[in-house]
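Take a look at the structure below.
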Amino acid sequence: MNSNELYTALSTANGDRTEEMYRYGYACGLENHINFSKIKEAFLLHSISDSEEKLYMHTIIEGYKSSSDFDINLFFG
């Protein structure tokens, strides 16, 4: 998922944001790359509160780990 998709996900209603952040993290995990500075920039542009930022960052990392675990298990059992 690229930065524009992250910006779009942040523009959704609050109820959908957490799921979108998980999906973003999962997509980053599939690419084995996560750009924290782009995430921080997106949070600043959308005026995300500190508490939301912590929640979303945790959710993104969980999504990343989920896809990374899947990828590792797929290749190494």
Side-chain angles (χ1 to χ4, degrees):
M1 201 180 261
N2 62 36
S3 297
N4 290 334
E5 291 169 311
L6 177 59
Y7 296 145
T8 302
L10 287 170
S11 297
T12 62
N14 283 338
D16 297 330
R17 279 184 176 170
T18 304
E19 184 177 332
E20 292 299 320
M21 295 300 103
Y22 183 87
R23 288 182 188 168
Y24 178 77
Y26 193 90
C28 290
L30 290 175
E31 296 176 6
N32 291 319
H33 180 273
I34 192 164
N35 189 331
F36 290 105
S37 53
K38 287 290 182 187
I39 294 169
K40 184 71 172 174
E41 180 182 306
F43 288 168
L44 288 172
L45 288 173
H46 284 83
S47 301
I48 302 299
S49 71
D50 288 341
S51 60
E52 285 177 311
E53 184 176 327
K54 288 177 185 176
L55 171 66
Y56 297 155
M57 218 32 164
H58 175 75
T59 305
I60 289 169
I61 291 169
E62 287 300 312
Y64 183 91
K65 287 176 13 182
S66 292
S67 64
S68 294
D69 290 344
F70 170 76
D71 196 24
I72 290 168
N73 291 332
L74 181 66
F75 289 107
F76 299 108

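No experiment lies behind these values; they were computed from the predicted model shown.
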Query raised in the report: In Å, rounded to the nearest 0.5 Å, how long is the span from CG of L44 to CD1 of I39?
Result: 12.0 Å

**Report entry** Test side-chain contact (heavy atoms from CB on, under 4.5 Å) applied to E53 - qualifying residues, sequence neighbours left out
**Finding:** K40, F43, I48, D50

Query raised in the report: Between L6 and M21, what is the shortest heavy-atom contact and its length?
Result: CD1-CE, 3.7 Å

Query - Minimum-distance pair of heavy atoms, taken over all atoms of G25 and S67 - result: O-OG, 4.2 Å

Requested in this report: Kindly compute the distance separating CD (E62) from CE (M57), expressed to the nearest 0.5 Å.
Outcome: 13.0 Å

Query raised in the report: Between E20 and R23, is there a side-chain N and carboxylate O pair less than 4.0 Å apart?
Result: yes

Report task. For residues T59 and E19, determine if any side-chain heavy atom of one lies less than 4.5 Å from a side-chain heavy atom of the other. Result -> no

Report task. Might you confirm whether atom NE2 of H58 has over 12 heavy atoms from other residues, nucleotides or ligands at distances under 6.0 Å? Result -> no

Query - Nearest heavy atoms of S66 and Y22, plus distance in Å - result: OG-OH, 2.8 Å

Query raised in the report: Which value, rounded to the nearest 0.5 Å, describes the distance between R17 atom CZ and S11 atom OG?
Result: 7.5 Å

Report task. Say whether F36 and Y64 are linked into one hydrophobic cluster, either directly or through other cluster members, by side-chain heavy-atom distances under 4.5 angstrom. Result -> yes

